[in-house]
Structures are given as structure tokens and as C-alpha cells.
Participant: 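Before we start, here is the structure in question, set down as C-alpha cells.
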Amino acid sequence: MPAKNSNNHDLNCLTIEELERHAANIMDKQTRDYYNEGADSGSTVKENSDAFKKYRIRPRVLRDVSKIDTSVPLFGHRNSIPLGVAPTAMQCLAHEDGELATARACRNAGVVMGLSSFATTSLEDVAAASEGNPNALQLYLFEERSHSRKLIARAKKAGFKAVFLTVDTPMLGRRNLEIRNQFKLPGHFRIANFTEEEKEGNGEQKQRPSMQRTESAAGSMEGEERVPPSGPITFHTHAANPTLCWEKDIDWLKQECGPEMEVWVKGIATAEDALLAVHHGVDGIVVSNHGGRQLNGAMATLDALPEVVEAVQKKIPVHVDGGIRHGTDVFKALALGADFVWIGRPVLWGLAYKGQQGVELCLRLLADEIRLCMGLAGVCKVEDISKDYLVKIDKSGFVARL
Ligand SMILES: Cc1cc2nc3c(=O)[nH]c(=O)nc-3n(C[C@H](O)[C@H](O)[C@H](O)COP(=O)(O)O)c2cc1C
Ligand SMILES: CC(C)CC(=O)C(=O)O
């Protein structure tokens with residue numbers, strides 16, 4: 001069978017599920033387990049995807065859908081689809097070109113890229129590869145402020161449009177395969193945004209930034225005085241920061257980012273926190289449970305979305321991620337009030353499958369599905385997608401209008 005047909009389809013890979021299967025065969029076990037697993041039993045990873053099945057689309061017909069515009073405004077640009085690439089750490093594990101491949105694919109697709117603080121490519125190199133396509137820097141705000149301050153200043157200088165503060169990691173979730181595999185970043189890779197800190201070394205920082213899980217990720221024991229992490233910047237010592245709080249940290253971050261970069265919070269799951277986010281003047285919210293990698297047993301993000309949308313009352317944009325694998329999933333999330341969605345693992349699968357080409361394929365599959373879904377549902381513009389286009393099906397099969 002030819003690998004491509006006249007529509008330029010990759011005949012071996014026509015869906016995100018197929019991409020996942022190809023990637024699983026290509027990645028080594030350590031990487032596959034690290035990328036794909038969730039916390040504890042992994043039930044939240046599954047529920048994030050399953051939540052979409054509770055909704056069905058109510059298509060409208062005879063509406064002239066010959067001109068469909070899938071683009072949306074974001075960070076002063078037009079994003080070609082209402083979807084962005086969520087920040088995921090250490091992309092060089094999937095493919096040697098890592099974050100550079102993702103940045104180039106995003107640039108070619110006109111899709112925003114979120115870059116993890118714990119990337120294997122520096123933010124300056126990613127910005128250069130993006131050639132003006134907008135990026136957001138995901139931030140793990142360290143207790144040791146000077147490192148974060150430097151990173152923010154570098155992102156500003158490199159032209160990043162926003163900082164996404166991850167707020168669902170006061171401690172790191174327990175990922176059992178990661179522990180069992182004694183997962184660590186192979187020696188030839190770098191946590192590229194912190195190599196300067198490593199060189200500067202303060203005596204305790206002679207080792208290079210490592211990725212080995214340590215028990216300090218769980219925070220201090222009751223009665224023990226908490227000592228901020230020192231030594232090499234590892235994700236297990238520095239990504240989790242149990243001291244983060246609204247009062248102390250959000251104002252500080254807004255001040256550091258200044259007018260040049262928006263400040264978003266990633267990892268909101270309740271109306272209460274959404275209201276606090278609005279109160280503290282952040283520029284936007286991402287409803288997320290970290291792809292089920294943090295609190296297993298948390299609500300699926302699609303289930304958390306309506307209360308956040310209701311609380312925010314359109315005062316700031318609400319985005320969502322978690323389990324999005326089809327164009328129809330994007331449509332459903334938007335119909336429930338999200339302004340935009342982000343995808344995490346599918347991009348890693350694309351990278352593993354064929355590097356930049358694989359990420360382009362991933363984005364193209366979803367872009368095609370979004371357009372097709374809009375056309376078949378009778379919607380020409382993204383802003384016209386509303387809850388009128390959805391019904392919810394409960395366990396007994398009862399169909400309810402929203
Ligand atoms: C392997 C992996 C690494 C991740 N790294 C980060 C990270 O460094 N920072 C962060 O805020 N979220 C991180 N995430 C979470 C994603 O940004 C996103 O919330 C999640 O992947 C969305 O769910 P999905 O993978 O089902 O699309 C990571 C997710 C995965 C799967
Ligand atoms: C640097 C990390 C903590 C990456 C992450 O967020 C994850 O593995 O889920």
C-alpha cells in the first residue's frame with residue numbers, strides 16, 4: 001500500500017489513536033511509560049478522554065458551510081485552529097530534534113506552542129525556530145526566586161507572549177512506572193533552560209540538572225522545618241513548590257512579567273479558584289489536571305469546565321486541556337464554553353513517530369477534523385459554537401439539552 005494518497009494523507013496514520021500506537025512501538029519503555037502514564041491507578045487519564053463521550057453533537061443543516069474559518073485570536077495573532085500545543089517536559093526523549101521540531105511544526109501550522117520550563121532545548125533556541133510564531137513559557141515558580149526571575153527575563157527578551165504558571169504541582173503526583181523504572185534523563189540530554197545555573201554552581205550545584213525522582217518531591221514532614229531545595233535543579237526537587245499561594249506569588253509574577261507578557265494560571269479545576277484567578281488579575285485560565293498526572297481521582301477536565309466558565313462570566317479567557325484526541329472533542333469543549341484547547345501527549349506521539357513531520361501530521365489531523373466537524377454541525381465560525389450544539393447523555397441513556 002502506498003504511504004500517501006493524492007490528498008496527502010499518511011495512509012498508515014489517519015487518527016490520533018493510530019499515532020499513539022505507532023509511537024508506542026517506537027519509543028523505549030522508559031520514555032513511553034513516562035509520557036503515557038498518569039498518577040496512581042491512572043483513572044483520571046482515562047476519564048479525561050471518556051468525559052467527551054457523555055456529550056453528543058446536535059448538527060444543524062442547510063446553512064451554507066462552504067466557507068469555514070477555524071482561526072481564533074490569541075496573543076495578538078490568529079491561531080489557525082482553536083488549539084495549541086501544551087507544554088510537556090523533555091521532548092528530546094521522543095525525538096532528537098525535540099522542542100525544535102515542535103516549534104517548527106507549530107510555526108508551519110500557525111499554532112501556538114507552550115514550552116516547558118523543563119525542556120531539553122533552551123527557550124532562546126525555541127524562539128528562534130518559531131520565527132515570530134507565538135509561544136508561551138510554562139513556569140514552575142521555584143522557591144529560590146532568582147532562578148525564576150532570570151528565566152522570566154530571558155523569556156521576555158526572547159519575545160514570549162505569556163507565562164503559564166503551573167499551579168497543580170504543590171507536590172508531584174505519584175507515578176508508579178516512573179518510580180519502578182527509576183526514570184531519569186539520559187546523560188546526553190540537558191534541562192536546557194538551567195545550564196547557566198549549573199555552570200555558575202554555588203558549590204552545591206556542581207552536578208548537572210538531573211531528572212532523578214527523589215523523595216523530597218513530597219515536601220517536608222509535619223513538625224519538620226521546611227528547607228527550600230538547593231543543589232542541582234531537578235524536576236523532582238524544583239517543579240513541585242508547596243509554598244506557592246495566591247497572595248504571595250501572583251502579584252510578584254505579574255510584576256516580573258510586566259506589560260510584555262501575559263500571566264496565566266494552568267491547573268485550575270474549580271469555580272472557587274477561577275474566581276480567585278479573576279480577583280488576582282491573571283490574564284487567563286487553563287482548566288487542567290496535568291493530563292491526570294497529579295491528583296488521580298480529580299474531576300475530568302471537561303466535567304470541571306462548566307463551573308469554571310460559569311464563575312468567570314467571560315471576564316478572562318478560559319482554556320482547557322486533557323484527553324483531547326479528536327476534532328469533535330475540541331468542538332465539544334468549545335460548546336461547553338472553553339475559548340481554546342491544548343493537547344499534550346498527541347504531540348509527543350507525533351514527535352516520536354516522525355519528528356517535525358509527525359507533529360505536523362498530528363496538528364493536520366486535528367485541524368482537518370475540527371473543520372469537518374464544524375461543517376457537518378453547520379457552524380462556519382468558531383465563536384458561533386455554543387451549547388445549543390450539544391446534548392448530554394447520562395448513564396441510563398437519557399438525552400438532555402444543556
Ligand atoms: C510527558 C508529559 C510532560 C508534561 N510536562 C509538563 C510540564 O513540564 N509542565 C506543565 O505544566 N505540564 C506538563 N504536562 C501536562 C501538559 O501540559 C498537559 O496539561 C496535559 O498533557 C494535557 O493532557 P493530554 O496529555 O491528555 O492532552 C506534561 C504532560 C505530559 C504527558
Ligand atoms: C518537569 C516535570 C515535573 C514535568 C511534568 O510536569 C510532568 O512530567 O508531568
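Just so we're clear, the structure is a prediction, and the values are computed from it rather than from any experiment. Whatever order the structure lists them in is the order used to number ligands and atoms, beginning at 1.
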Participant: For ligand 1, which atoms, with element, lie under 4.0 Å from some heavy atom of Tyr34?
Facilitator: 1 (C), 3 (C)
Participant: Is there side-chain contact between Lys387 and Pro306, with heavy atoms separated by less than 4.5 Å?
Facilitator: no
Participant: Pull out every atom of ligand 1 sitting under 4.0 Å from any heavy atom of Gly323, numbered as shown with elements.
Facilitator: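 Every atom of ligand 1 under 4.0 Å from some heavy atom of Gly323: 24 (P), 26 (O), 27 (O).
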Participant: For atom 4 (C) of ligand 1, tell me which residue out of Val286, Thr44, Thr31, Thr88 has the closest non-hydrogen atom.
Facilitator: Thr88
Participant: Can you classify the ring geometry of Phe142 versus Phe194 as parallel (below 30°), tilted (30 to 60°) or perpendicular (above 60°)?
Facilitator: tilted
Participant: Determine whether any heavy atom of Arg325 lies closer than 4.0 Å to an atom of ligand 1.
Facilitator: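 It does; at least one heavy atom falls under 4.0 Å.
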Participant: Classify the ring geometry of Trp342 against His319: parallel below 30°, tilted from 30° to 60°, perpendicular beyond 60°.
Facilitator: tilted
Participant: Minimum distance, heavy atoms only, to atom 4 (C) of ligand 2: which one of Tyr34, Tyr35, Phe118 is it?
Facilitator: Tyr34
Participant: For ligand 1, note which part of Phe164 has a heavy atom under 4.0 Å away: side chain, backbone, both or neither.
Facilitator: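 Neither; nothing of Phe164 gets under 4.0 Å from ligand 1.
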Participant: Within a distance under 4.0 Å of any heavy atom of Ala239, pick out the atoms of ligand 2 and give their elements.
Facilitator: 3 (C)
Participant: Could you tell me if the side chain of Leu302 sits less than 4.5 Å from the side chain of Val320, heavy atoms only?
Facilitator: no
Participant: Got the closest protein heavy atom to atom 7 (C) of ligand 1, with its distance?
Facilitator: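 Of every protein heavy atom, Tyr140 OH, 3.4 Å lies nearest to atom 7 (C) of ligand 1.
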Participant: Give the single entry among Arg175, Lys266, Gln138 that approaches atom 12 (N) of ligand 1 most closely by any heavy atom.
Facilitator: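 Residue with the shortest heavy-atom distance to the ligand atom: Lys266.
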Participant: Considering only the protein, which heavy-atom contact is closest to atom 19 (O) of ligand 1, and what is its distance?
Facilitator: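 Heavy-atom neighbour on the protein nearest atom 19 (O) of ligand 1: Asp321 OD2, 2.6 Å.
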Participant: Under 4.0 Å from ligand 2, counting heavy atoms only, is it the side chain of His290, its backbone, both or neither?
Facilitator: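 Under 4.0 Å from ligand 2, His290 contributes side-chain atoms alone.
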Participant: Test your reading of the structure: does Arg345 have an N or O sitting under 3.5 Å from an N or O of ligand 1?
Facilitator: yes
Participant: Just jot down the ligand 1 atoms closer than 4.0 angstrom to any heavy atom of Ser288, in number order.
Facilitator: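 Counting from 1, the qualifying ligand atoms are 19 (O).
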Participant: Any N or O on Ala89 sitting closer than 3.5 Å to an N or O of ligand 1?
Facilitator: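 Yes; at least one N/O pair falls below 3.5 Å.
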Participant: Compare all side-chain heavy atoms of Arg401 with those of Val391 and state whether any distance is below 4.5 angstrom.
Facilitator: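 The answer is yes; the side chains approach within 4.5 Å.
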Participant: I'd like to know if the side chain of Asn12 pairs up with that of Tyr353 as donor and acceptor (distance under 3.5 Å, no hydrogens or angles considered).
Facilitator: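 Side-chain D/A pair, Asn12 to Tyr353: absent.
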Participant: Determine whether the side chains of Glu17 and His326 contain a donor N or O and an acceptor N or O closer than 3.5 Å.
Facilitator: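 Indeed, the side chains of Glu17 and His326 share at least one donor-acceptor pair under 3.5 Å.
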Participant: With a 4.5 Å limit on heavy-atom distance, are the side chains of Ile57 and Leu390 in contact?
Facilitator: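 Result yes, sub-4.5 Å side-chain heavy-atom pair found.
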Participant: Which is it for Pro87 and ligand 1 at heavy atoms under 4.0 Å: side chain, backbone, both or neither?
Facilitator: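 The part of Pro87 near ligand 1 is both the backbone and the side chain.
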Participant: Show the atoms of ligand 1 that are less than 4.0 angstrom away from any heavy atom in Leu348.
Facilitator: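 That gives atoms 1 (C) of ligand 1.
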Participant: Keeping Asn193 on the side-chain end and Leu123 on the backbone end, is there a donor-acceptor pair under 3.5 Å?
Facilitator: yes
Participant: If I apply the N/O under 3.5 Å rule, does Ile324 come out as touching ligand 1?
Facilitator: no
Participant: Quick one: look at Gln294 and ligand 1, take heavy-atom pairs under 4.0 Å, and tell me if it's side chain, backbone, both or neither.
Facilitator: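 For Gln294, there is no contact with ligand 1 at all, from either part.
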Participant: Just going by heavy-atom distances, which of Gly267, Gly114, Ser116 is nearest to atom 8 (O) of ligand 1?
Facilitator: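 Comparing heavy atoms across Gly267, Gly114, Ser116, the nearest one to atom 8 (O) of ligand 1 lies in Ser116.
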Participant: Just to be sure I read this right, does ligand 1 sit under 4.0 Å from the backbone of Tyr35, its side chain, both, or neither, counting only heavy atoms?
Facilitator: both
Participant: Do Thr301 and Asn289 get their side chains close enough for a donor-acceptor pair, meaning under 3.5 Å?
Facilitator: no
Participant: Quick check against the 3.5 Å criterion: does Glu143 have a side-chain atom that pairs as donor or acceptor with the backbone of His238?
Facilitator: no
Participant: When the aromatic ring centroids of His279 and Trp246 are compared, is their separation below 6.0 Å?
Facilitator: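 No: the rings miss the under 6.0 Å criterion.
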Participant: Okay, side chain of Arg293, backbone of Glu37: is any donor-acceptor separation there less than 3.5 Å?
Facilitator: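 Here the side-chain-to-backbone pair exists.
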Participant: Applying a 4.0 Å heavy-atom criterion (strictly less than), which segment of Arg175 is in contact with ligand 2: side chain, backbone, both, or neither?
Facilitator: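 It is the side chain that touches ligand 2; the backbone stays farther off.
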Participant: Students should be able to answer this: which protein heavy-atom is nearest to atom 27 (O) of ligand 1, and at what distance?
Facilitator: Gly344 N, 2.9 Å
Participant: Can you check salt bridge (charged side-chain N to carboxylate O under 4.0 Å, His left out) on Lys150 and Glu197, steps first, answer last?
Facilitator: CA-CA 10 Å; Lys150 259 196 257 170; Glu197 281 75 7; 3.6 Å; yes
Participant: Donor-acceptor check, side chain of Glu99 to backbone of Gln91, threshold 3.5 angstrom: yes or no?
Facilitator: yes
Participant: Consider every N or O of Ala86 and every N or O of ligand 1, then say whether any pair is closer than 3.5 Å.
Facilitator: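 N/O-N/O distance below 3.5 Å does not exist for this pair.
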Participant: Of all the non-hydrogen atoms in the protein, which one sits nearest to atom 11 (O) of ligand 1, and at what distance?
Facilitator: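 Ranked first by proximity to atom 11 (O) of ligand 1 is Thr166 OG1, 2.7 Å.
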Participant: What do we get for Thr169 next to ligand 1 when only non-hydrogen atoms under 4.0 Å count, side chain, backbone, both or neither?
Facilitator: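 None of Thr169 does.
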